[in-house]
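Comments concern the structure below.
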Amino acid sequence: MSKFFDLNVHAYPETEVPAEELLRAAKRYGYTGIAITNHDDTEGSELKSNFCFSGIEIRANSVENLKRRIKLYHGKVAVLAVHGGNDKINRAALEDHRVDVLAHPSGEKRGGALNHVLAKLAAKNGVAIEFNLNAIINSRKGERARVLLKMRSHLKLVRKYKAPMILTSNACSIYDLRAPREMIALASLFGMEREEATSALSDFPQGILEKRWKKENDVVVLKNVNLESPRKSV
Amino acid sequence: MCKIQNRFLFSIFYFAVLIPPSLRDRRRYLVFEWISERVIDKWTLLSEIRDSIFSLYGDVGASESKIRLIEYANAEDTDGGMGILRCAHDKVEEVRAALACIHSANEARLSIRVIGISGTIKGATRLLR
């Protein structure tokens, strides 16, 4: 049985739900680990658990700002995500090999888009493209059709250039979390095969935590990240 | 006397309607559980499931999935519960996706998860316990 990870979950300082409650729910749903990636403009509190990885989602309004913050957090967290949505921010994030995940490249609902150049960059720099399933769950009708259309086109590019991809819930409460099998069923709505979806939930997140797609001298390897007993670093 | 006769008539009617086993629909019984902010009654839950399937697959898809709520059991201690949903045997993944798309009912947040799938009600009830 695969180990499942959800690498984009928002907890207490940013949202109302305490991290412990999210951990309990995720464990019950069959996840091996989750990464709490609060936005960096809300200060986080420390949580000691061997189930949870530290993470940060950088929400920057300009490219310079983004670069400065990436430099600040690089090597200190297990998952360094960038809040995508803006075309310039997307490009800057995918060009930077220190970034692990580009979260929702088409915005939380819709916005910017990927193209062949960006997908190629993602594969080269080992930046995972995130598919935010929360956008499918929380939208209806025309809005959802547009979200699914965007995801379909992103999936096509990601397949072509073999960039890493992950499925995340982007959960802000325990009611936003979905079990791995449900996530796979949701991913099939935009044409993702079952095997692909399974690896996007287990194999790729594991690779991100191990920094599998990074060149060795580029990466400050976190000593505390061990997949058998993950522990919060910093 | 009348009552017995009625029951007799009913049983004749019942067997007349039953179609032969080879022509019966193949079904799957999904055992699901939900967690919610408030208690959600049976009709709200069912209409929410139906809405989700209609909005995701349209009228044609909904008719093909042949859903029906078989059992509904509220949990005693929490605002959640478990239930059994019947659907066509080849539409399990579609129904699962539709269940996962439900995010609220009566403005209370809600999340549904499929625990197990069975081919018979008996097997599904065993999973429910």
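In what follows, chains are A, B, ... by sequence order, proteins preceding strands, each numbered from 1. Every heavy atom of this structure was used, including side-chain atoms; hydrogens, water molecules and symmetry mates were not. Quantities reported herein were computed from a predicted structural model and do not represent experimental measurements.
Nearest heavy atoms, Ala185(A) versus Ala97(B): O-CB, 3.6 Å.
Between chain A and the residues Val92(B), Leu56(B), Ile102(B), the most heavy-atom pairs under 4.5 angstrom are made by Leu56(B).
The environment of NZ in Lys42(B) is crowded: more than 12 heavy-atom neighbours from other residues, nucleotides or ligands sit within 6.0 Å. Enclosure of atom CG in Asn106(B) is not indicated, since only 12 or fewer non-hydrogen atoms of other residues, nucleotides or ligands lie within 6.0 angstrom.
The part of Arg140(A) that comes within reach of chain B is its side chain, from C-beta onward, which places non-hydrogen atoms under 4.5 angstrom from that chain. In this structure, the portion of Tyr57(B) lying under 4.5 Å from any heavy atom of chain A is its side chain and not its backbone. Interface remark: Leu148(A) contributes no atoms to any contact with chain B (heavy atom separation under 4.5 Å). Neither the backbone nor the side chain of Ser104(B) comes within contact range of chain A, judged by heavy atoms closer than 4.5 Å. With a 4.5 Å cut-off on non-hydrogen atoms, Glu37(B) touches chain A through its backbone and its side chain both.
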Could you give me the CA-CA distance, side-chain angles and deciding distance for Arg113(B) and Glu182(A), then say whether salt bridge (charged side-chain N to carboxylate O under 4.0 Å, His left out) is met? CA-CA 7 Å; Arg113(B) 173 171 79 116; Glu182(A) 266 70 29; over 6 Å; no
Assess the residue pair Arg178(A) and Ser111(B) against the criterion (side-chain contact (heavy atoms from CB on, under 4.5 Å)); give the C-alpha distance rounded to whole Å, side-chain angles, the decisive distance to 0.1 Å, and a yes or no. CA-CA 8 Å; Arg178(A) 291 290 180 276; Ser111(B) 135; 3.4 Å; yes
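Between the OG atom of Ser173(A) and the CZ atom of Arg109(B) there is a distance of 4.0 Å, given to the nearest 0.5 Å. Note that the CG atom of Asn138(A) and the NE2 atom of His103(B) stand 5.0 Å from one another [nearest 0.5 Å].
In this structure, Tyr175(A) and Leu110(B) have side chains that are not in contact, with every pair of non-hydrogen atoms separated by 4.5 Å or more. Counting only heavy atoms from C-beta outward, the side chains of Arg28(A) and Ile35(B) approach each other to under 4.5 Å. Using a 4.5 Å heavy-atom cutoff, the side chains of Cys101(B) and Arg144(A) are in contact.
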